[in-house]
Structures are given as C-alpha cells and as structure tokens.
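Encoded as structure tokens, the structure appears first; notes follow it.
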Number of protein chains: 2
Amino acid sequence: MASRAKATIFDIAREAGVSKSTVSLVLQGSGLIRPETAVKVRKAIEDVGYVYNRGAANLRKAHSNVIGMVINDLTNPFFAELAVGMERVFQSAGIVPFIANTAENPVRQEEVLKSLMEQGVAGLIVSPARGTTPGAFRRLEIAGLPIAFAMRRLPESRIPVIAPDNHRGAYLATAHLVGKGHRRLAFFGGSSDLVVYHERLGGFREACETLGIDARDALIIEGETNRKGGMACLETSLAMAEPPTAALCFNDAVAFGVMLALRKRGLEPGPDFAVVGFDDVVEAEHYMPPLTSVAVDSAGLGERAAHVMIKMIQSRTTRAEDHIGAVNLVVRESCGPDRRTQKRPAPTGAAT
Amino acid sequence: MASRAKATIFDIAREAGVSKSTVSLVLQGSGLIRPETAVKVRKAIEDVGYVYNRGAANLRKAHSNVIGMVINDLTNPFFAELAVGMERVFQSAGIVPFIANTAENPVRQEEVLKSLMEQGVAGLIVSPARGTTPGAFRRLEIAGLPIAFAMRRLPESRIPVIAPDNHRGAYLATAHLVGKGHRRLAFFGGSSDLVVYHERLGGFREACETLGIDARDALIIEGETNRKGGMACLETSLAMAEPPTAALCFNDAVAFGVMLALRKRGLEPGPDFAVVGFDDVVEAEHYMPPLTSVAVDSAGLGERAAHVMIKMIQSRTTRAEDHIGAVNLVVRESCGPDRRTQKRPAPTGAAT
DNA sequence: CTGAAAGCGCTTACAG
DNA sequence: CTGAAAGCGCTTACAG
C-alpha cells in the first residue's frame, strides 16, 4: 500500500494547461491572476489531490511560517493552558505552531531547540526548563531568531518576557492573610533556583514589611513545588517553637499538600490554619475546603505571547517590551473566618 | 539586528577544503569518510555556525523524520501524558515529534492535519476529536501515510488503534461494586457519540448480566463528561422511585462531580453511596474520600503507540495490529464498607 | 575515499 | 495577466 507519487505544481500546471508560475501565484492567492484561470487551477489542484510542500516553499522563500513553542511541562495544566492559548492565535493567523515538551530537562530542551532550528522556525516562544543556563539561548539570539519567554524568565537575559505579576499576586494574598488577623506568616515551597520564586517571595516580603509584620514573624520554608513539598513544609513549620498560623504557598499543589497534612493531624484548613495557593488551577475551586488562590490567566498570557511574537516577526526584530499580566486573588474558604473578630463573615462566592 | 546569512554545506566545504558531497556524507555519519577528513569537516561546521536545513534535506530525500501527534485536548492531563509518553520514545529514536492540539474540534483537527501534511510528516498518531466523521482520514489513508489512533478509535475504521481495555476496566469496577453488596447500580456520564462510551458501558452491562444483576437494576444515565455532568447524573438518579446505591462513572471528573453533589445533600460518598471513577487521574488519590478508579497507563500507551508508528514507518506499511493496554482497578475509599456484612474492613492502601 | 552534476518542489524576478 | 529560467540547500547516484 505504497503512496502514489505525489502531485506537484507541475502536474497541476499540466492539468490546467498553464505554467508552473501561474499555479504558484494562485497558491499564494495573488491578485495578478485572472479569475477564470484561478478557478481552472483550483479545480486541477483538487483533481490531482495536491498537497502543498511547505518545505520546498520555505527553502526558496528563506523564511517559514512555522513557529515553535517550547514548554517545560505539558502535563501541568497550568502550562498546557499557556500552550493552548498561543496555539489559538497562531492558528488563526495562518501560522503553524508546533508544541514541544522539555519535561523540565535542560538537556531535552537543548535537543528540542536544535530540532526546531533545523526545521527552520521563524520564531520561538519558550517557557524555559528549570536549571536552564543563562547561555542556553545565546546562539539563537546571535542567529537573530525572534525569541520570547512565557511564564518564566531567565536571570540576566534581554529576551522579552510575557509573565504574570507574581510579585503583586503574592502581595495581595499576604495582605489578605494579614487582614484576617494573622501576625505570624509563612511562605511555603519553591526554591531559589526559580526566578518565579524570587518574585513571589518578594511580594510576600514586601507585604509583611508594609503591613507591619516583623521579619522574624515571616517564615520562609523552601520545598518541592508539589503536594509532597507542601506536606513537608507544614510539618516543619508546626515543629517550630512558635508555629505560623497562616501560609502563602508557592503554588496550588503545595497548598493542597498543606491542607492534606493539616487534615492528617486532625486540623481544619481555614479555621485552624489559613492557606492561600497560587495559580488557581481548576481543582482549587472544588477542593475541601475550596482554596483561596491567586488566579493567573494562563491562556490569556499565551495569547498575548503569540501576539508579541507575531509582531516581532513582522517587524524583523528580536526586541519587544515585557508584558506583565494582571493577577487576581480569588477568595474562597481556605483562610477561615476573621481571626480578630472571631466572627464568621457571611459566606461569599468566589470573587472572579 | 538582522540575521547573518545562513551558512550552508557549501560554506563548510570551502572552510574545510573539501567538496559539498563530502560534507553531506559527514553530516549523515557515513562510514565512507576518512576520519581525519571528518574531523576537519566537523570543526568547520562549528566554525561557521552551521545549522542543518532539514527542509532542504527532506525535499531531496522525499521522506522526512518528523511525525505529528494530534491530540484532542492537551489541557487534560490524561491526554497530555499520552503525548509526553510518545514524545519520549520518538525523541530517543531521533525522530522529531510535533504536538498539535485540536481542542476537541473537528474543524481545527482538519486544519491541523493539513498543516502537518504540508510539513511532510512521515506518520501521524491521533487521538481523534469528538465528532470526527468517519471520512476525515480517508484522504490521508489513500495517500499511504501511516496513521495510528491512540486512546480513542473511530467506528468502522481500519486504522490501527492503541487504547486501554475499557471493557475490562468497567467490568472489574462493576464487579467490585457487586462484591460490596450493591444490587442496584448506575452508569453515570458520557454519551453514545464516543466509542469509548460504548466500550465502558459494555463492560458494565456484561458484569451486571454475568453477576446476576437484573437489567432493570442497571441504570444508564448519560451526561457531560465533567464534574457538572456527574452532579446532574446523581440528581437525576436520586429523583427516581428506586435510586441506585452505587455508580460506575464514565471518568474521574464525573465521579468528582457525583461526590460533590452527594456532599451537598449531606450524604457521605462511600458509606451512603458508592462511586467508582475511570482513568485514575492524580487527584483521585488525594480526593476526600480517595476515589476508587480504573487506572489507565496513559504514558505507557503513548510509548507503545510511538513504537507501533516507528515500526509502520520502517516497514513502509499502513497496517498494524491493535494494541489493547492492560487496566487496573485501584481500590480506595469511595465505595465504603461492605454493605452485606455492614462491617468496616480494615483500611487498606491503594492497590497499585 | 572524494568530487562534479542532477534534481527534489517550490518562488521570484524578468520578459513579454 | 502569463511563461521561461534560475536558484533555495540539500542528497544521491555516478565517476574517478
């Protein structure tokens, strides 16, 4: 069941009784072709079962319409949403977007980048893998390829970034905790090899300072960025002489872990220990209790990143302004009632 | 900051003082080249900052090393795992895998397929979008392109399928419910436009028959395949004159919805109403109560699918045997104690 | 072991 | 408006 020889524009030309050039022009939707001719050619295209050879076209044109999206972890819906948002706008702009996953592995990332380059991409949007070295994109930059970072940035890089306002999100969440009457707070999970960690921790710290929380009462406990990490952080903190009463978590997974660990100890997330997450993944809303979290519009950031990339390609530049996306604290029930008044406020819906 | 003119094999040849052919041979790792020459050429490749032009190579070779993976919903970790599994084996086989998302939209799928064809893929693995018409792949089949379906199949298609044993999974889950003493069971969620639905429902029905459950006691309630659908199914069933006491859910999302709805009515999932999910997503283990579910090895199926595709390409065929992957009932706590003895069994861990 | 030449399927000036 | 010709960057027989 071998494939029949593929039809080329030459076959179309013969079928339609015109020259190759005319066919090519029709394919490109040029206005130079007489309508009857175009119709005739289009019919021939159908008849011979033609499929456009983009490789051949790109070879001649020297710039392709495919762009690469390099994602650190596709199995994480947070990043999958980002990819899907980007894909949506590229698709409708007639650009072919290819998604590649690096599984948070810089070596894989290197390979993926190489593949994409060989494929002749016109641009690259990447959410860099953890542990990416600052020089990893040097060669691509020198080659003049438009690159943008999405969601994550690299320290000391001049590549444009599209990311959420992590600092502000952490600030808002921390302020919410303080507003609830908490005076001894913790920041749970994450580690300093992630730029995002510094951003979120920075917001936490600034809120503590601004709102008069003593630095000794702002505990920072690093840990894995998953449920296990959250559980460990909680245990560590409760073993202290003066445990915190509330925690801002690096992300929702950590927050889920904290709530799990609380339950295991017979403590009620909310009334007994307040917890706030970050990212507002879908499960946050359906957890028990529903998790207060900082919502980040992944898909929206993806769309924005795609637009930035399209503009970079069109204006033949590798520079663009950073875009910091708005964030939004979604208040649910994981922070319990107000501790100062000790009165339960009227139940409120999610503040979307 | 325009890109410098790209180096070609001609530049390398000049730099190394050999001919283009020699460079090409070195690039392909041919054993025909004297080692010293190869070293010299490789140095030149480095020096001129060469990047291989795969498009040009494919044009000449007439068969590419890129394959396309078309996924119905990348934001669903269940399918993302599948993609990641495939990617892993392709990557290490020196094949460039590109992931595309159709967002469960047959029109998008059509576009994506077209793009991939134009890109000259050597093969295609697809998890078809819901509502895909049987003829959607006719053209590609005629063109002789190797195609495999993963996770989902199309009715009346001869394209090989790599999918979990949905029938057996549903059978096992149903038998578990019956073993717990339930005599009036329901199948919640899903609809008949999905082949997977028929497979799972078939397993449910066979188990009921085999284990002596009267057909009138095997309720089937269709619904959306998400939390909302699950909630609706539960409400519908409880409104019946003789409500079921247990349900097998089309997937875990439906099961989560059922548990949510039970809680809302003040009922305890498990003791008051037994629920089993399907897919065993990560949250299943961490739910309250932990959800009993049928585990499907998505990543493993992805790897298998990739191997099948590689074999198809190598043997230049469009045919391959179907592969039905083993499934595994993971018993947790959402089915409560045994209803016949009314004694609570000793708590057991997850049977992985 | 290495080189000269043709050709993969397109696009792009250039004529007409 | 349409055609003839060159060329994009490779690989592949074919000589030597």
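This one's a predicted model, so the numbers in the text were calculated from it and none came from an experiment. Heavy atoms only: backbone and side chains are in, while hydrogens, waters and symmetry mates are out.
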Exam field: side chain A:S64 to backbone A:G120, donor-acceptor pair closer than 3.5 Å: yes

Sidechain-backbone polar pair: B:N65 side chain, B:I95 backbone, donor-acceptor under 3.5 Å: no

Please state how far atom [atom1] in [X] lies from atom [atom2] in [N], giving the value in whole angstrom units.
X	N	atom1	atom2	result
A:E118	D:dT11	CD	P	11 Å
B:Q119	C:dG9	CD	P	16 Å
B:N58	D:dC8	CG	C1'	15 Å
A:N53	D:dC8	CG	P	18 Å
A:K61	C:dT12	NZ	P	7 Å
A:F10	D:dT2	CZ	P	18 Å
A:R54	C:dG9	CZ	C1'	14 Å
B:R60	D:dG7	CZ	P	18 Å

N or O in side chain of A:T8 less than 4.0 angstrom from C:dG9 OP1/OP2: no

Any B:Q28 side-chain nitrogen or oxygen under 4.0 Å from OP1 or OP2 of D:dT12: yes

Just checking, is any N or O donor in the side chain of [X] or [Y] under 3.5 Å from an acceptor N or O on the other one?
X	Y	value
B:Q28	B:S24	yes
A:N72	A:T102	no
B:T132	B:Q109	yes

Among [options], which is the nearest nucleotide to the side chain of [X]?
X	options	answer
A:L59	D:dT11, C:dG9, C:dT11	C:dG9
B:S24	C:dC1, D:dT11, D:dC10	D:dT11
B:L25	D:dT12, D:dT2, D:dT11	D:dT12

Earlier contact from the 5' end, DNA chain D, for B:V51 and A:T22: A:T22

Sugar-phosphate only, base, or nothing, as touched by A:I33 at under 4.0 Å among non-hydrogen atoms: sugar-phosphate

Sugar-phosphate only, base, or nothing, as touched by B:S21 at under 4.0 Å among non-hydrogen atoms: base

Pairing partner of D:dA13 (Watson-Crick or G-U wobble, both distances under 3.5 Å): none

